[in-house]
Structure formats: C-alpha cells, structure tokens
Amino acid sequence: MTARTKAGADGGTPTGAGADGGTRTKARADGGTRTEAVPALDTDALIDDPDIRIIVCCGSGGVGKTTTAAALGVRAAERGRKVVVLTIDPARRLAQSMGIDSLDNVPRRVKGIEGEGAGELHAMMLDMKRTFDEIVEAHADAERARAILENPFYQSLSAGFAGTQEYMAMEKLGQLRAREEWDLIVVDTPPSRSALDFLDAPKRLGSFLDGRFIKLLMAPAKMGGRAGMKFLNVGMSMMTGTLGKLLGGQFLRDVQTFVAAMDTMFGGFRTRADATYKLLQAPGTAFLVVATPERDALREAAYFVERLAAEDMPLAGLVLNRVHGSEAARLSAEQALAAAESLGAENLENDGIVDQAAGKAGLREPADSPAAGHAPAPSEAEADRRPVTTEELTAGLLRLHAERMQMVAREQDTRDSFTALHPEVPVTAVAALPGDVHDLSGLRAVGDRLATGSAPAGAV
Amino acid sequence: MSRFQVVSGKGGTGKTTVAAALALALATEGRRTLIVEVEGRQGIAQLFGADSLPYEERRIAVAPGGGEVYALAIDAELALLDYLQMFYKLGGAGRALKKLGAIDFATTIAPGVRDVLLTGKACEAVRRKDRQNRFVYDYVIMDAPPTGRITRFLNVNDEVAGLARIGPIHNQAQAVMRVLKSPETAVHLVTLLEEMPVQETADGIAELRAAELPVGRVIVNMVRPQLLDGDALRTASGGRRKEIAKTLTRAGVTGSAALVRPLVEQAAEHAQRVALEREQRTVLAGLGLPGYELPLLGEGVDRAGLDELAAALREQGAGQGESGRGAGS
C-alpha cells in the first residue's frame with residue numbers, strides 16, 4: 001500500500017525540474033498489486049553508449065517525436081558524439097532552431113553546439129522526391145534515368161503515394177549509415193497513419209517489386225507489345241484489359257514504361273530495403289517509443305511496443321512527453337478546492353468591507369466566450385484597474401492547484417494502464433514545458449528533462 | 001451548412017473526437033448523419049464504445065431528439081471491388097485479381113487510386129437519395145487524414161483525372177472533384193492553442209485555398225480554463241507571499257508556508273501558458289475564419305464526453321439550420 005511514494009518507484013516522475021518536478025504521493029486504493037518499480041530509461045547512458053549507432057524515435061502524431069529526436073541529438077553532440085539528426089517533416093520553427101530551414105536533403109552542420117569535449121551536430125530534413133530521384137540517377141544510365149524521371153507515373157509516385165515517404169526515410173537512413181561519417185544517427189519517423197507503415201515500408205516495396213502483378217505488367221513492354229501478349233493466358237489479358245478500361249489505356253502504358261525502365265534497379269531496391277531492415281534489428285540500433293500521457297497516444301505506444309517485439313526490433317524504452325507534476329502534491333485537489341470554497345464564502349461576507357471592484361478580479365471563467373471566434377482574451381490593462389484581494393488570489397492559486405492535481409492523477413491512471421500491459425518497458429518522463437521549443441537552449445532544456453526524468457529517487 | 005463536413009487537423013489535436021462530436025451534434029432533431037473513417041484506425045468505434053466497424057454503414061448512436069448517427073470505415077480494397085462489380089459485373093474475377101496482387105497494386109501502390117476510392121465512396125454517400133428522392137443522410141462527416149496531407153488527399157482526384165485520362169476512374173475522379181470543390185463541402189481544421197498546431201493550421205488553410213477547396217471552420221479543441229491571469233500573478237509574486245500563507249492557513253491548509261512557493265510557481269507557468277494562448281488566438285483571429293471552441297474534458301472522452309462536446313457545438317450554432325454561422329458556403 002506504499003505504492004508510488006517515491007519518484008524512483010514511479011518510473012521517473014520528473015524530479016527537480018522546476019515547478020513541474022516533484023514526487024507523486026497518491027497511494028493507490030486498489031491494493032498493492034502494482035508496487036514493483038517501473039524500470040527507468042536512462043537516455044544519457046543510451047546516447048553515451050558508443051555501440052549505439054542509430055536511435056529511432058517512433059510514436060503517433062503530435063507527441064513530440066521530432067522535438068525528442070532533436071533534443072537527443074543536441075545532448076549527444078554536447079556530450080561528445082558526432083551526431084546527425086534526420087527529420088522527416090519538422091515544424092518550421094523547430095527546424096529553424098537547428099538551423100535547417102531549407103529542404104535540400106543534405107546534412108548541415110548545426111552551429112552553437114557547446115561545452116567541453118563537445119562533438120558535432122548535423123541535421124537534415126528528408127526530401128523524399130529528391131531522395132528517389134538520386135536513387136534513379138545513381139542506378140540508371142543517363143538516358144534511362146531521364147526516361148524514368150519524366151514518366152508521369154514516376155512523378156506522381158515519387159511525390160508521395162502512401163508509403164514513399166516511409167520508404168525514402170529508410171533509404172536515407174541506410175545511406176547515412178553507410179557513409180560512416182557519424183557515430184550516432186537519430187531519426188524521427190514519418191507521421192504515418194499507423195505504426196505499420198514505417199516498419200512495413202521495405203517489405204511492402206519488396207513484395208510489390210517481386211509481385212506477380214508487376215512482372216505481368218512488365219511482360220508486354222519487355223517483349224515488345226503484342227508479341228508479349230501471347231504469353232499471357234486469357235485471365236491475365238482480361239485483367240490488364242480491365243485495368244486498362246478502369247484506369248485508362250494511357251495510364252497503364254505509363255506504368256508499363258515506368259516498370260520496364262525501373263527493371264534494372266529493382267534488385268538494388270530490394271537488397272537495400274532488406275539491408276536497412278536488418279540494420280534496424282541489429283544491436284547497434286535502439287528504438288524509442290514516444291508518447292504523451294494521454295489515452296490515445298499510449299494506446300498507440302503499446303501497439304508500437306508489441307510490433308517492435310514481433311519484428312525483433314530492439315526497444316530501448318518509452319519517452320513520455322509533457323508529463324505534469326506538482327511540488328505541492330501533498331495538498332490534494334479536494335483539499336485545495338475546499339479551501340478555495342471557504343475563502344470564496346469569506347469573501348462574500350466581507351464584500352461590503354473590503355474595497356473591491358468587480359468580484360472576479362484576476363479570476364476568469366473557463367473560456368471567456370466560447371462562440372466568439374478567436375478574439376484575444378481581454379487585455380491586461382483592463383484587469384489592472386481592479387485590485388485583487390489576497391483572498392481572491394489565494395483562492396485562484398488553490399483552484400489552479402486543484403486543476404493541476406486532477407491532471408496529474410489522470411496522467412498517472414493512463415500511465416498505470418500502459419504499465420499494466422508492458423511492465424518491462426523502461427520509461428523516462430519529460431516534464432511539460434509551458435511553451436514551444438524554438439532554439440537550441442529550448443532543445444537543451446528538453447534534453448535535461450529527458451535525462452532527469454529517469455534519475456533515481458533522491459538524485460536531486 | 002454544407003452537407004459534407006471534412007474534419008482534419010494536426011496529429012494529436014483530437015480530430016477524430018471532434019468529427020464524432022460533430023456527427024452527434026448534426027444528428028439532433030431527428031436528422032441522420034454518417035461518419036466515415038478512411039484511415040483504418042477504428043478510432044470511431046473506440047470512441048463510441050462499439051466493436052470494430054466493418055465496411056458497412058451501421059447505426060452507432062442515437063442523438064438527443066431521435067436523430068441517428070451511422071458510421072462506416074471505408075476500406076479501399078473493398079471499395080475497389082465494389083466499383084469493379086458495379087462497372088464490370090466481375091464477380092469471381094474480382095477475387096482472381098486480388099489473388100494476382102492487382103487489387104493490392106491498385107489500392108496501395110498506384111498513386112492516388114486509394115484516395116480516389118475513399119473520397120469517392122464518401123461523396124457517393126453525400127449524394128445518395130432514397131425512393132422519395134430525399135437525401136439518405138442529412139450530413140456526412142469525414143474523419144480525414146491530418147492537415148499535412150489533407151489537400152493532397154482531397155485534391156488527388158484532380159491528379160488522377162490527369163493521369164488516367166479516360167475511363168471510369170477518370171470520370172469518377174472528376175465527379176468527386178465537383179462535389180469537393182462545391183459549397184456542399186466544408187473542410188474544417190482542428191487545432192490546439194499551441195504554436196505548432198496553429199502554424200500548421202495556417203499553412204493548411206493556405207494550401208486548401210490554393211487548391212480551391214472550400215475551407216470551413218477552425219475548431220479549437222481542448223481549451224483549458226483560464227483561472228488566473230498575469231496581473232493576479234504579478235501581485236502574487238510581489239511581496240504578498242506572507243499574506244497568502246496566512247490566508248491559506250485561515251482556509252484550513254496546514255503547513256502553508258512551504259506551499260506558497262510551489263503554488264506561485266504553478267501560477268507563473270499557468271500565466272505563461274495563458275499569454276501564449278492569447279498570442280495563438282490572435283494568430284487564429286487573423287485567419288478570418290469562423291470557429292468553434294471545445295473544452296478539454298478532464299476525464300478523457302467517452303460517450304458522455306462526446307455528448308458534452310456535441311452540446312457545446314450545438315450551443316455555438318452547429319446544426320442550427322441554414323442560418324446562424326453557416327460555414328464554408
């Protein structure tokens with residue numbers, strides 16, 4: 001029944017990270033079934049380990065994958081490693097924070113990496129079309145390359161059919177690794193529909209390229225139009241006929257030309273896709289599943305954990321972003337609200353005595369005017385006219401604290417349900433920052449929180 | 001109000017929840033709505049506490065006032081086989097195509113075909129009429145791909161119409177495009193009051209407009225209450241900590257002296273967040289679009305939460321006939 005009274009037993013409730021730190025003291029009412037400690041994920045040990053050459057950050061959209069990847073990159077570089085961060089589709093200002101606001105598909109040195117014994121940080125943004133074009137140019141002679149690049153089917157395919165981004169991210173990862181210029185590659189995964197896409201990309205492309213259907217499509221073009229058709233049985237010609245009708249004859253011809261032109265490159269695609277897949281399974285790779293303490297994000301995270309296990313991919317742990325804590329945790333939400341209530345009542349009694357203007361000074365109702373579009377909240381100057389009594393102020397602090405404690409409890413419940421499913425997964429909790437990250441110092445702050453989130457109890 | 005409501009938004013902003021709440025809100029007063037899911041995540045079923053949705057329209061909820069919400073998870077492969085059946089009466093040959101990998105090819109590899117099938121199926125539901133020549137669904141709500149991909153997803157028909165220059169797919173693509181670019185459609189973007197989602201929303205709107213797709217509303221989700229503002233906080237940090245401690249004690253809080261600092265620091269973070277949210281509201285106001293705001297539900301979203309959000313949408317005018325804040329058209 002003493003569950004979760006220490007940060008260490010809590011799998012890394014953020015400690016010592018300013019006001020967001022603190023320990024969780026809520027004892028569970030459901031008995032001591034989950035008293036064992038959640039293992040802590042030590043991100044510093046991970047990024048310091050010279051045997052770790054690739055860190056893959058995966059997770060559902062909007063959980064801070066790219067920020068996590070960038071923060072790990074900055075921290076690893078400042079701890080002495082030569083790092084490249086491969087981002088797929090970063091928010092503009094995050095990219096700018098690392099000085100990569102151009103989409104040129106080439107790793108750029110990030111300025112401002114500091115500290116004694118600091119290494120280097122490079123960063124790049126994936127340009128999937130450029131990556132695809134480069135593969136074509138590298139593996140086909142000039143004439144054939146031009147034929148492919150000009151093919152309308154290729155142009156549409158390379159600009160983004162479902163899966164191109166995933167495949168090209170894998171391709172680029174393989175290229176970066178092969179260059180042996182960096183001792184650590186940190187990559188964030190594309191904002192896929194689901195976990196499947198990133199892991200499946202190489203296999204899916206492979207099975208597509210090896211597929212009977214592709215061979216079928218290639219046959220007529222290869223053998224020169226009608227002559228090839230003789231080799232097709234009635235069912236097959238009916239099929240290409242049907243597709244021809246459905247998609248239009250020109251479309252099918254474009255596909256056939258494209259497939260024929262790409263023919264010589266297929267083996268290369270397949271081989272590299274398989275090699276990258278094996279690279280991901282190798283001991284030098286570590287997967288970090290990124291989530292926020294919200295039901296959907298953690299459900300997706302649980303799914304990732306299961307998929308990685310099924311594919312023999314090495315999972316290092318779970319990074320839980322935007323976790324809230326409170327240093328005033330011994331005051332419960334209920335106590336805080338009751339105290340605020342009593343102050344409110346007191347305030348009403350004194351209304352005639354204490355000189356105050358509008359009774360709501362400093363306190364606002366939820367979402368002032370929900371339907372009023374997005375008008376900014378009333379200006380601060382307006383509120384300046386009204387003195388705030390200490391009672392009102394204190395009641396406000398208490399309500400705010402109650403809200404915080406409710407959020408902390410909610411997040412803990414969500415985390416507990418994840419832990420119940422996957423008690424073996426090491427976790428680091430990253431305390432929520434009040435604002436967005438725009439620069440290296442912001443990324444450093446996230447890096448600090450990543451590290452302290454896994455600190456054992458009493459380390460602060 | 002447009003009959004086809006497309007709900008997109010940055011990942012993590014809760015677009016599936018908003019789409020479901022909108023479907024409920026629009027189904028009041030005996031109306032019938034259809035919510036379609038196109039990404040195979042089964043998020044709708046989870047929200048409504050139902051079993052996984054099949055490729056079949058089925059009733060998933062009853063709205064206040066007797067309205068009905070239907071749901072459909074569109075499966076591209078099955079939709080393609082549907083079309084083949086419709087146009088060519090293929091029957092068993094469809095299965096043969098599937099075996100050869102042709103269906104797989106057409107729905108996952110051939111660029112855009114998948115998206116055409118998904119939007120095509122949704123548009124078919126929008127236009128479908130019963131024997132009395134009334135629309136089967138008053139509104140169709142789509143839980144669409146995220147902001148970063150929405151323009152491409154909706155506009156892919158244009159592209160496919162160019163690639164497949166003749167044939168049923170070409171015609172289908174053109175027909176779908178006519179619905180999507182008409183006032184019958186409104187594309188809503190869900191955002192949070194945070195910098196990245198707001199920036200992505202602004203970019204998404206610019207892309208949609210460039211593609212001549214009708215932009216509906218910006219829906220601000222998970223709005224948290226503002227309990228204390230910066231002024232109150234400045235007062236707090238200036239020399240009143242002792243008074244606050246005394247007041248806490250008077251309110252029955254023990255050991256109040258040690259609590260003042262963390263409480264004031266929490267308030268400082270809150271004030272910082274409120275200031276950032278205010279900036280983001282200003283950015284959103286600059287987009288010049290109508291909006292809805294939905295509160296953060298403390299306990300997470302279940303069926304009761306959906307009803308609460310639907311009620312909030314109705315209060316703000318969703319489903320109140322053609323008058324009020326008619327979006328998009």
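Order of the sequence lines sets the chain letters (A, B, ...), proteins ahead of strands, with each chain counted from 1.
Within the 4.5 angstrom heavy-atom criterion, only side-chain atoms of T67(A), from C-beta onward, approach chain B. For E403(A), the part lying near chain B is the side chain, with the backbone staying farther off; criterion is any non-hydrogen pair under 4.5 Å. Contact annotation for T254(B): both backbone and side-chain heavy atoms come within less than 4.5 Å of a heavy atom of chain A. With a threshold of 4.5 angstrom between heavy atoms, Q46(B) approaches chain A through side-chain atoms but not through N, CA, C or O. At a 4.5 Å heavy-atom cutoff, the contact between L296(B) and chain A is made by side-chain atoms alone.
A distance-only check finds no donor-acceptor pair linking the side chain of R240(B) to the backbone of L393(A) [under 3.5 Å].
The greatest number of non-hydrogen atom pairs below 4.5 Å with chain A, out of P197(B), P145(B), A251(B), G14(B), is found for A251(B). If you tally non-hydrogen atom pairs under 4.5 Å between each of G286(B), G255(B), P295(B) and chain A, the highest count goes to G255(B). Between chain A and the residues Q272(B), R273(B), E279(B), the most heavy-atom pairs under 4.5 angstrom are made by Q272(B).
With sequence neighbours left out, S60(A) forms a side chain to side chain contact (heavy atoms under 4.5 Å, CB included) with V63(A), A297(A), E300(A). V260(B) pairs by the side chain to side chain contact (heavy atoms under 4.5 Å, CB included) definition with R241(B), I244(B), A245(B), L248(B), V264(B), not counting sequence neighbours.
At least one side-chain heavy atom of R330(A) sits under 4.5 Å from a side-chain heavy atom of L259(B). Annotation: side chain of M407(A) is in contact with side chain of R224(B) (closest heavy-atom distance under 4.5 Å). E269(B) places a side-chain heavy atom less than 4.5 Å from the side chain of R404(A). Between E195(B) and H438(A), the closest side-chain pair of non-hydrogen atoms falls below 4.5 Å.
We find the CE-CD distance between M405(A) and Q266(B) to be 8.5 Å, quoted to the nearest 0.5 Å. To the nearest 0.5 angstrom, L263(B) atom CG is 9.0 Å from T394(A) atom OG1.
Among all heavy-atom pairs drawn from G62(A) and K10(B), the shortest one is CA-NZ, 4.4 Å. The minimum heavy-atom distance between A267(B) and L400(A), with the atom names listed, is CA-CD2, 3.4 Å.
Residues T390(A) and E243(B) have side chains that bring a donor and an acceptor to within less than 3.5 angstrom of each other.
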